[in-house]
Structure formats: structure tokens, C-alpha cells
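This one's a predicted model, so the numbers in the text were calculated from it and none came from an experiment. Chain letters run A, B, ... following the sequence lines, proteins first and then strands; every chain starts at 1.
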Amino acid sequence: MDKRLIIIDGNSIINRAFYALPEMNNKEGLKTNAIYGFTTMLFKIIDIYKPTHISVAFDRKTPTFRHIEFKEYKAGRKKMPDELRVQFEPLKELLDNFKINRLEIDGFEADDIIGTVSKRAEENGYKVYIVTGDKDAIQLASDNTTTLITKKGVGEVEEYDFNSVMEKYEMTPTQFIDLKGLMGDKSDNIPGVPGIGEKTGIKLIKEYSSIENLIENTDKLKGSVKTKIEENKELAVMSKRLATIIRDVPIEINLEDLVFGDYNKDDILENFRHLGFTSLLSRVLELDGGEDVIEEKTNLNISKLENIDEFINTVNSKGKLILKSVRKQGNILSKNILYLFVSVDGENIYYINEEDIARFEGVLSSVEIKKYGYNMKEDYIALRAYNIKLENMNFDITIAEYLIDSASATSYECSALAMKYLTKKMKSEEELLGKGVKAKKYQDLEFEELSEYISDIVYTVKNVSPKMEKSLNETSMDGLFYHVEMPLVEVLGNMEYEGMKVDRDKLNELGIEFKEIINTLEKEIYELSGEPFNINSPKQLGVVLFEKLELPVIKKTKTGYSTNAEVLDKLRDKHPIIDKITEYRQIVKLNSTYVEGLLAIINPISNRIHSSFNQTITTTGRISSTEPNLQNIPVRMEMGRKIRKVFIADEGHELVDADYSQVELRVLAHMSGDENMIDAFNHDEDIHTKTASQVFNVPIDEVTSDIRSAAKAVNFGIVYGISDFALSEDLHIPVKQAKEYIENYLDKYHKIKEFMDNTIESATEHGYVTTLLNRRRYIPEIKSSNFMERNRGKRFAMNAPIQGSAADIIKIAMVNVYKKMEECELKSKLILQVHDELIVEAIDAEIEIVKRIVKEEMENAVAMDVHLDVDLNVGSSWYETK
DNA sequence: ACACCGTTG
DNA sequence: CGCGACAACGGTGTA
């Protein structure tokens, strides 16, 4: 077989990669962009050139013979940035995983090693490919040696062999050395002949073929060129020597040591996971061209469950079940399960048709049998329509992965988890169904197609869950997982299934009311501006305000004038149109997002709104709500607040609304252990008034509302990871004053300062921060070399434990409220959570007990040095619960 | 697909 | 030195 050697200039490629790619970090904050670029380049050339041998040459830090001959050699080079320097060692380790030979030797550059090895290889009948970003290596090109010069960072290469060099430059590869001897090289600080540039250089080399020959024939030269050459003969010769790549470096090389292919895939995979190169994992599998390895189907045994009773016995004796329901598209409340797939051993899968599901209820609703799955809330909801309560959801791989890395860029999709944990390729849901309007529904799939997909999911659940469990244990998140997040799946499933009742007529009325106001405002605005235009277009609005009406430009966006509320507020006094626009914006928002948006999504069966609650979205541990988002229904402005009148309790019910008072500041007081703030809370003082009194040094009863709201802003700022600038913007005060406020604050609450400092320090050291329940958020930004990024990282570090602990607390409360209501066999339902607020739709007879349970469970969710305080309100609409 | 804007905690 | 609050979702306009 032909032997093909690839030899890479390590320093050159890592440099190119570093400067071509944006900053990247693994989750511990290690810089990885240059390693990543190097690795993608490596895969690419392996792919194209299919080498039998590979070697990477590196420079050493020690001076080379060139420095000794010419001390100015490579002088004036910029120092290597630390962000790049730190990537060398990990890259070398990775090369070791690939079992790729590395070559370096004192006194010579990587170039010289490459020159030597390529010569030797060529003599032994190899085809050689040299990979570098440095055009100097073109001199090594020959019939059997191709120099590959990277382009566009490291993404592409240009090939140079003897013929292509001749064709392109009308010179032999070795004549490049002569050319450089004349021209010099700025980046290496090789002088060359002063005054001779590329053009003249090429002309001379073409005519005289080498520097030596040129020098012998200077009498044939004319004019200034002649004097330049004659006066700089030695310089030219030395420059040529500096530019000449050495081809007989005293280095011991056995070419057979450079054989490529002895790598251990598992080592590489493990290192890739460590480096965060999840997108490259599949490339490792493909390394030896093993298409079959990747495409290998799980192909577990899938068959219709014939003997249901026997299987039920097996499940009961094993005490566990992997399951996945597949649903037709349709109403959340309808019975529309196509198949329920179940497996005990993760190897034999059975499917149950809709009509047999009832026979399986005993197993599904048994609290003895642990259920394993993927996106189990879907299964829970799907079964609810059959009046089956899926009990003991014990392990959902999506939820587990969310805890393992909530800030991960990759999705929690099964296919991604299969790749990450098992290095197994499987179809993603999008690959299965297609995307966009043409996307298929599950009911459109061939059974074969579907069963392959389900087989992969079952296989993944089975094999990933033990690894995840280990990881949860190691990070002390098993408690959070088993006692909070997993039980919460059922709570959220019920919230979605129950939904919230809306008054459609009332919503329509509001819509009419809003539209009338919009029409009037529209006319007034056109009147004031002198022309009709699309007020909703920031672009057109910008033109009207800042060009036509010539109002002062306050702020610009990337694309033009900023017209946001803050800017408009500053322009209020300048023109009567501004207030109209502000009002217009407000009402249009209410109408389109809330009136139209909500109307479109009322469930025709229940006349209720069934929002989706997502447990794996936020980086801090909060829940999010979509379709519709019920967590941002207006409340601050009266006009918007009216929307809450349409969220009502069913007949014979009331809404019991309970919200935590200052939960985040209480968490902060507890976590920091600041006696001053703990004391304030435990004496039930108004925290903002107290803060005002302490920070501004005024007696409590002299705190004005202005001072109080300033203190409130500072309290907020602290939670967000404060900066003097932002606070000054918020309070419209000078930065200097804002700075004083903060200093005063941190002085009075000195343990809060300590807490913040410690948190940042710990985040920098470990790469993550934790909440009360050990929920983790990785913060790679905190190690960024970019000032702005790093500061963001610090703010994340300060905020995440506070916001995240508050999220922990309300999640515990939700689980406990739900359990308690169930225990008491109440008919009332928990239907909504808005970060620090829970809403129960309580049947009239149960209102008092619900109030008691909710308050009790929320206030006692966790034991802290600060007690938790819950405000309760009852009303027949959300509007009234204030 | 992305930018801008506005709504909530 | 540098910029600038934390966490979400959805509608509209524009390229």
C-alpha cells in the first residue's frame, strides 16, 4: 500500500486557529478555540488525504541556530497571548490520545524538522503532505511532497507541488528561498536586500535563477538595482541562509513510529467531552471510515405485547419500567395515544395499542414501580386523558441532564444525550419528522421508522441513566433530582392538564376597547407627524422622529435610531407626539400579545388555557412558560392589569393566590449570614425602608418614599450583581453617587460583600456556583480574557445562587403543596406558578384549608436563618387577587 | 433568521 | 483601561 505521511506545523496551525476562531471555553473555563480549530483541521485532512502516517512538529522555546547567526531574527514579534499559550498542553495531550507522534528539538524550528522528515520520507517512497499556514514551506514542495497552505483561518487548504508552483509562480520551489533572500521577510525580521521588493525580486530570480549566480553576474545589472545588490551581497546570502529550511536536522526518527491508526477512540472521546467538543464526537467514530459503526441500528426487539398479564408479572417482580408514549397530534385533553412502548430490560420492547392501555393501568399507576423515560411529562399528560395517573416517575434523562449542566449550549434532546454519553448516533426528532410546515406528525410515520426511533430512545434511557445517576451523586445533586425535580414533573403535568379558565367574552370586549383607542391614537399620531407611516416599525418611526421632526438622537442601535421607551421618555417634553407613541405602543402590545395571543390559544374543549411549563430551559433553575407565557401577564400598569380580569376561577371556585415576600433578598440574607439583614427580616421590618435608613443614615420614620425607592433599587441591584453605572442609570443619578450608595450598602451589610467576593472567588476556582440545594450553574465566562465577558460572568456568579435558591424553594413548596392537597383528598388544583407566586383554583368548600396548606407549605419549604413570609389573596379573577 | 421592543419576576 | 444590571417569551418588521 502507498504510504502517505502528513506532517503538520503545530505552532503555525494552532496560531492560525487561535486567531481565526472566536473565544471558546469548556465548562470549566479552559480556553479551547485554538485546539478546536486544530482538531477540525486535522479531521479534514485525514478525511481528504487518508494518511497512513502523521506527525506534528513543534517549535521549542530555546533559540535556534538562526538566532545565533543573526540576533535580530524574529525580533519584534508580539508575545504570545496567554489565552493561546494555555492551549498548547491540552492540544499535545489530545495528540497523544490520537497516538500522533510529536517532534520537537532544541535549536531548530518546526520547519526544519518538517524539512528533515519530509526529505527522509520522500527518499523512502512516501507521498508527503506538509500542513502549515506559513508560505515558506512552499520551498519544500516537490513531485512527491505537497505543501498545504491553510486559507480562511484553517478551514481550507491550497495545494502546492512542484508543478503547481512552477505554473503559478514560474519558479521552482527552491527558488522561493532565493526570492526571500532578496525580499526579506518582515514577520521573521529577515532583512533581505534593502530596496528590493517582490517585483524586482521575482524578475531577478527568473533571470539569474539563484542569489549566488546573481552575485557573480552583477556586472550585467544596471542602475540602482546593481548598486543595491553589490552593496548587500553578504546580507542577501545571510538572508537566504536564514530562509532556508534545514533538511538534515540531527534528530532520530524512525518513520514507522509515525504510523497513524493506533489511537484509542475512547481516550479521544473522553478528552473531547472534557474539552466540550460534543459536535466532534461523531467524527471520532467515523475515523476509520467505519460507516457501519455509526449507522448501526439499535434494533432492539420490538413486538406487540401479546401476553399482557405475563409481562405485568415481570414488571412487578423487577420493579421498574422504561416507557415512552407516542401521541397523535391533537388536543392536550383528548385520548390520542398511538402506542405506548414499554420495556423492562431495555432490550425487548413491547408496544401496547390504545385499546389495551387500560389493562396496563395497574403497572402505570403503581407507586412501587420505578418509571424511567425521556420527557416524561408528555407521557404523564398523554395518560391523564385516559384517567391514568402515571406514578413514580423516577428518572427522566432530560431532567437529569438539565441538572448536570443547565447552562449547556447543547439541547437536552435524546439524540444529543446518546451522542454525549454513549457516542451513539441516532436521529433527532427533527431528522425523524422533518422541519417547518412540511414536518410530519407521528401518525404519519411508518411503523418501521417509528420503532427504530423508539428503540434508540429506550436504548439511550437504559444506558444513559446510570451514568447520569453517578454524575448526580458525585455533584451532590441526587437529593435535588429525586426529591424536587422528579416529583415536580407530575406537578407541572397536572398544571398543564388543568389549565386556567379564561373569560372569552371579557377578552373580546377588552380587544374592542383596545382597538378603539389604537385607532384614535393612530389618527392623532399621523396628524402630529404630518403623514401616515407604520408606527410599529422602529425604522420608520426613527425617520419620522429624528429626521422629519428633528428631535435629538438619544441613543443608537446597531441598525439605526433607538426608539425604546427609555429614549421616548427623555423626549417627552420635546414634542406632543411622544406621549401618543408611548401610549400607542403600550396598547398595541396589550392587544396583539395578550388579547389576540390569548384568544388564539384558548382550548376549545375546556375553554381554558393550557400553558406549557418547561423545566429545563433556564440557566438558574426557574421554570418557564410558553404557549402562552402566563408568567408575564401585565400587572404594573392599570391598563394592562385589566387583562388579569379574564383569568377567572371556574364556577363554585375561587383563585387562591400566594406570593412570597422578598424571597430573593431573604435568600441572600440567609446565604450571606448577614446579621443586620437577617435581623431586619426577622423583625418583619420593611426591608427597603430599613435599607434606606441604614444606607442614607436617616431614622426609620424619616425615610421618604424617594429615599425608599432608591434603596429598593440598590437592593435589586445587589441581587443582579451590581455596577455603579447601571444603578446610576436606573436612579438617574451620577455614577459617583451611585458608587457611594453601593459602598455604603456593602459597608452596612458587610457580610453580603464577603458573600459576593467569596462566590466570585469560588466560581473562578471551580468554574461553577451552587444554590441552597446544590443546583449548579457553570460559568465559563468568569475565566474569559474579555473584560466585559468576565464581568458578566461575575454578575452571573452573584445572581445565580440567589435566583436559583429562590427557584429551589418554590419548587419544594409546589411539590409539598401538591402532595398535601392530594393527601387531604382535595379537589382544588394548583394551576400556576410565577416564580414567587402560586395560584390554586380552590373549590369553595376548600378555600380555607387550601389557604392554610399553601401558606404553611410555602413558608416551611426550607429552614433558613430568615423566615419566609407569604401573602395570601383570594378572588374570583386573577385581577382581584391583589 | 435576526433585531428591536415590551411584558413579567 | 474597558462597559454595564439577573432570568424568561412573543409580536412585529426587515433582510
Scan nucleotides 9-15 of chain C nucleotide by nucleotide, 5' to 3', and note B when protein non-hydrogen atoms come under 4.0 Å of the base, S if they reach only the sugar-phosphate, - if neither. BBSSSSS
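- Listed candidates were dC5(B), dT8(B), dG4(C). Nearest to the side chain of Asp724(A) is dG4(C).
- Ile609(A) places a side-chain heavy atom less than 4.5 Å from the side chain of Ile601(A).
- Within 3.5 Å, no donor on the side chain of Arg636(A) pairs with an acceptor on the base of dG6(B), nor the reverse.
- Under a 3.5 Å cut-off, the side chain of Arg608(A) and the backbone N or O of Gly499(A) do form a donor-acceptor pair.
- No donor-acceptor contact under 3.5 Å links the side chain of Arg795(A) to the base of dG4(C).
- Only one option out of Ile404(A), Thr616(A), Leu488(A) pairs with Ile399(A) in a side-chain contact (heavy atoms from CB on, under 4.5 Å); it is Thr616(A).
- Tyr778(A) is linked by a ring-ring contact (aromatic ring centres under 6.0 Å, His included) to Tyr768(A), counting only residues two or more places apart in sequence or in another chain.
- Of the side-chain N and O atoms in Arg777(A), one or more sit less than 4.0 angstrom from OP1 or OP2 of dA7(C).
- A distance of about 14 Å separates the P atoms of dA5(C) and dC5(B), rounded to the whole Å.
- In this structure, the side-chain contact (heavy atoms from CB on, under 4.5 Å) partners of Asn774(A), at least two apart in sequence or on a different chain, are Ser476(A), Met477(A).
- Lys645(A) and Glu509(A) are not joined by a salt bridge, as no carboxylate oxygen comes within less than 4.0 angstrom of a charged side-chain nitrogen.
- For a distance-only test at 3.5 Å, the side chain of Asn799(A) fails to qualify as a donor-acceptor partner of the base of dA7(C).
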